[in-house]
Amino acid sequence: MSFWETLMPLPPRSPMRPARSTVLPTALLLATALTAVGLTGCSSLSPFSTCEGTEARVKELSAQPVLTSVPPGATVPKDFASVDAECLDDSGDAWLYAERTYAFPGSRQEVVDFYRTTAEAGGWHLQSDPMDPDVAATEAGLCFTKGGDGDALMLTVQFTTARQLKIEYDYDAGPEFDSGSGFHIEVGSETDGSKTGCWN
């Protein structure tokens with residue numbers, strides 16, 4: 001167990017951005033690419049998708065209505081007024097996401113109930129973890145998918161605390177986190193909109 005895990009224990013499995021290529025396959029691909037360069041004298045294209053030309057799709061994710069659909073009483077913490085949206089390509093294939101963070105004075109169960117109803121009404125499909133079906137959504141969070149190849153999206157709702165925000169963002173939470181539940185809501189996708197699963 002790492003030092004950070006001792007500070008911030010995580011549930012057994014949480015829905016999150018799709019797992020990227022492992023070290024061994026990446027190393028093999030790079031070795032193959034370098035060999036090709038050495039043999040042909042020509043550069044090889046990266047086997048991974050990149051963030052190039054993804055600005056419009058990131059903007060579309062930022063405008064997803066579910067990001068601003070919140071349980072009554074939820075508030076935006078100071079310094080989290082805008083959508084956190086970008087393309088990440090530091091771990092293999094690029095991943096696009098748009099995220100909002102909220103503080104909520106009620107219980108986690110109220111958040112879970114709200115998004116099960118609201119997201120499904122918006123065409124999102126709740127996905128259950130086949131490996132840990134008994135883990136409560138109030139611990140593991142929620143994950144939904146929507147669309148098909150070319151326009152597939154993934155929606156996650158993850159709970160957070162003032163302590164976690166400090167560790168992850170060096171953020172000093174205000175009194176809105178003294179009680180209730182903080183949570184992140186994120187809409188993400190592959191750069192080409194291909195299907196991706198919640199549990200990898």
Side-chain angles (χ1 to χ4, degrees), residues 10-22 25 47-71 74 76 80 82-102 104 107-160 164 168 181-200:
L10 297 175
R13 280 163 62 87
S14 296
M16 57 184 62
R17 297 165 192 159
R20 298 296 161 209
S21 303
T22 59
F48 303 115
S49 63
T50 69
C51 289
E52 185 176 356
T54 60
E55 294 82 3
R57 188 159 177 81
V58 170
K59 188 175 181 179
E60 289 177 8
L61 294 183
S62 301
Q64 285 290 315
V66 71
L67 290 173
T68 53
S69 297
V70 296
V76 178
F80 281 98
S82 60
V83 178
D84 176 17
E86 63 178 315
C87 175
L88 298 176
D89 62 356
D90 57 356
S91 57
D93 283 337
W95 177 251
L96 313 179
Y97 79 93
E99 180 185 74
R100 295 294 304 260
T101 298
Y102 295 97
F104 180 61
S107 68
R108 289 186 174 191
Q109 188 61 55
E110 290 176 89
V111 175
V112 167
D113 293 343
F114 177 86
Y115 283 107
R116 277 180 172 156
T117 300
T118 302
E120 290 185 352
W124 294 92
H125 303 287
L126 180 64
Q127 305 296 317
S128 298
D129 182 1
M131 300 298 293
D132 291 310
D134 297 327
V135 176
T138 51
E139 293 297 327
L142 295 169
C143 186
F144 304 81
T145 56
K146 183 178 184 179
D149 275 333
D151 64 352
L153 299 174
M154 186 168 74
L155 167 67
T156 60
V157 179
Q158 293 283 290
F159 293 102
T160 190
Q164 286 174 305
E168 294 172 4
S181 303
F183 63 93
H184 304 293
I185 179 167
E186 176 184 309
V187 177
S189 81
E190 301 284 0
T191 57
D192 60 357
S194 59
K195 281 188 175 182
T196 187
C198 291
W199 313 97
N200 297 302

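Proximity of Asp129 to Val135: side-chain heavy atoms (C-beta onward) are nowhere separated by under 4.5 Å. Looking at Gln164 and His184, their side chains never come closer than 4.5 Å, going by heavy atoms from C-beta outward. Side chains of Thr68 and Tyr102 form a contact here, defined as non-hydrogen atoms less than 4.5 Å apart. The side-chain heavy atoms of Thr118 and Trp124, taken from C-beta on, include no pair separated by under 4.5 Å.
Taking the six-membered ring for Trp and the full ring otherwise, the centers of Phe144 and Tyr115 sit at least 6.0 Å from each other.
Remark: the backbone N or O of Gly193 is not paired with any side-chain donor or acceptor of Asp151 at under 3.5 angstrom. Distance alone, capped at 3.5 Å, places no donor-acceptor pair between the Gln64 side chain and the Leu61 backbone. Looking at Ser69, its side chain does come within 3.5 Å of a backbone N or O of Pro65 through a donor-acceptor pair. Gln158 contributes a side-chain N or O that, together with a main-chain N or O of Ala140, makes up a donor-acceptor pair within less than 3.5 Å.
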- Item | From CA spacing to verdict: side-chain hydrogen bond (donor to acceptor under 3.5 Å, both in side chains), Thr145, His125 | CA-CA 5 Å; Thr145 56; His125 303 287; over 6 Å; no
- Test log, rule side-chain contact (heavy atoms from CB on, under 4.5 Å), inputs Phe159 and Val112: CA-CA 10 Å; Phe159 293 102; Val112 167; 3.9 Å; yes
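The neighbour count for Lys146 NZ, taken as heavy atoms of other residues, nucleotides or ligands under 6.0 Å away, is above 12.
Nearest heavy atom pair, residue Ser107 against residue Ser181, reads C-OG, 3.6 Å. Of all heavy-atom pairs between Val58 and Ala85, the closest is CG1-CB, 3.8 Å. The shortest heavy-atom contact between Ser62 and Leu67 is O-CD1, 3.7 Å.
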